[in-house]
Amino acid sequence: MISDPAGQSATSSPPQASVNPLGDELAGNRTAQPCALVIFGATGDLTKRKLVPSLMGLAKDGLLPASFAVVGFARRPWSDEHFRNEMLEGVGSFGRSDTRASFEALSDSFSYHQSDFSDAAGYERLAERLDEIDQQLGTKGNRLFYLATPPSAYSVILENLAKSGLSRESEGRFSRIIVEKPFGRDIATASALNEQIRQGFDENQVFRIDHYLGKETVQNILALRFSNGIFEPLWNENFVDHVQITVAESIGVGSRGGYFEESGIIRDMIQNHLMQVMTLIAMEPPSALTADAVRDEKVKVLRAIRSFAPEEIDDATVRAQYERASFEGTEVNGYLEETGVAADSNTETFAAVRLCVENWRWAKTPFFLRSGKRLPRRVTEVAIHFKQPPHHLFPDASPKPNVLLIRVQPDEGVALRFGSKVPGPDMRIRDVRMDFQYGTAFGAETADAYERLLLDAMLGDGTLFARRDEVEEAWRIVDSIVAGWQQSSARPATYAAGSWGPNAAGRLLGEGREWRKP
Ligand code: BG6
């Protein structure tokens, strides 16, 4: 166990070294060691819609270990057969093309373990069962535990994994835990959860999921920045006016009203997905592409963002709720009319925040993060807005500033906007685009983010997972925003469902800047 010096606050504790118990033999080798994956909450949606279909995507591509087993752990009285049928249905409906056959070939390696999460005997039986699986399938004592339950069950599962000894590693055998979001609801709960995890697992055994980090286009931010010579010299406050990071969704809260009331868009999206993307945009080049070198640089970005004082919140943030409107041909509910939502709720379905990274590189370049439900379309993008040239040679033209656009989804790609001469006798300038599209350039079917993340967890590579200090630093910032909102007497602004958010979001940007309407 790696110890945390007593009295040191969790946010300031130094990152713990990542030691892979299987050593360097994995470096560069993308085939994982034999292992058994135990999914807690295996009867839930995530397992059927995401986890098992993604495992079958890996199987299809030959990336699953040669010896592999899945044990579904949950309360419902399902049989092995029922579990397999459910998973097959999930793979058929949500998996990549032709993955049903992969499941059929592997279905004998799937079994179900019924137990209450709080029943110690259930974990003893699980340990015995895993030993049997090692004998039958050759999984070699390697275990990966996946917390796919509601967060309220995490604590009891973690306690039992530690008590039963299942979390312990021994020579040549790994034991790892993957934790789904939400990872706490503020810094206090996140840090308590981290402490509890630490009772059984060292930091290098822990894999905190942020599925945005598994998206190809998010990983491409590292490739774009650090495998090319032309961007990095411009990647600073001398040349970048501001950065806009947008994660827009057209769906409303649907059946998740109860959950959303407790989280709002700031906890659901900004604390994790948007801030993670932002750290990749703002970080310094890491010395190597190793888990700790990358995450050291990411966490420095978060540390360079000050917590807000309550009186700064009105100027630095905008929050709003969607209102009933006709959208995509139908009349849709306003947030306050959704099931599970209080009629006088203050929970925001849209938020925009201005974050300043107070370091040498970004001192004068604000980052604007914006996310919302019921916006006109589902789109995630990062737009780097460059400064105007110092001298305008073309007085009649008003070219827009250059923008480097990283389209995370859909329509994945990268585009550069620049001014060009319109053919003809006069010197008229118009904006044009250089456009790279993933689909056209590479053609391959893009794997789901979970495929990459499951594979990396099996490999023991934590680069694309949030480290303890990153999660807690992000909460520190978000907590200060939430505290400001709670102290304010103003209700959230409103926006019509299907619009780009409240007008107030515009003033956040300041003079001469506009939000993109992708
Ligand atoms: C989840 C949020 O983490 O991300 C959801 O809880 C949101 O509210 C989802 O809809 C968006 O993910 P993606 O991959 O569809 O952009």
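Along the sequence shown, the residues carry numbers beginning at 1. Note that ligands are numbered from 1 as they come in the structure, with each ligand's atoms numbered from 1 the same way.
Protein heavy atom at the shortest distance from atom 12 (O) of ligand 1 is H211 NE2, 3.2 Å. The protein non-hydrogen atom at the shortest distance from atom 6 (O) of ligand 1 is D268 OD1, 2.6 Å. The protein heavy atom nearest to atom 16 (O) of ligand 1 is Y212 OH, 2.5 Å. The protein heavy atom nearest to atom 9 (C) of ligand 1 is E249 OE2, 4.1 Å. When hydrogens are left out, the protein atom nearest atom 15 (O) of ligand 1 is R378 NH2, 3.1 Å; that is the closest non-hydrogen contact. For atom 5 (C) of ligand 1, the closest heavy atom belonging to the protein is R256 NH1, 3.4 Å.
By the 4.0 Å heavy-atom criterion, F260 is excluded from the residues contacting ligand 1. Remark: distances from the non-hydrogen atoms of T380 to ligand 1 are all 4.0 Å or more.
By the 30° and 60° cut-offs, the orientation of the rings of F145 relative to F201 is perpendicular.
Remark: R96 does not engage D448 in a salt bridge, criterion side-chain N to carboxylate O under 4.0 Å.
With a heavy-atom cut-off of 4.0 Å, E180 does not touch ligand 1 at all.
A side-chain contact (heavy atoms from CB on, under 4.5 Å) with V357 is found for exactly one of V243, T365, I305, namely I305. Among R198, R208, R176, R295, the single residue meeting the salt bridge (charged side-chain N to carboxylate O under 4.0 Å, His left out) criterion with E203 is R208.
In terms of heavy-atom proximity, A282 sits nearest to W362 at O-NE1, 3.0 Å.
Surrounding CD of E514 are at most 12 heavy atoms belonging to other residues, nucleotides or ligands under 6.0 Å away. Annotation for D435: atom CG counts as buried by contact number, over 12 foreign heavy atoms lying within 6.0 Å.
The option from M269, K215, K181, Q409 that lies nearest to atom 14 (O) of ligand 1, judged by heavy atoms, is K215.
Figure legend: K215 and Y212 shown as a cation-pi pair, the cationic atom lying under 6.0 angstrom from the six-membered ring centre and within 45 degrees of its axis.
Near K373, with a cut-off below 4.0 Å to any heavy atom, the atoms of ligand 1 are 5 (C), 7 (C), 8 (O), 10 (O).
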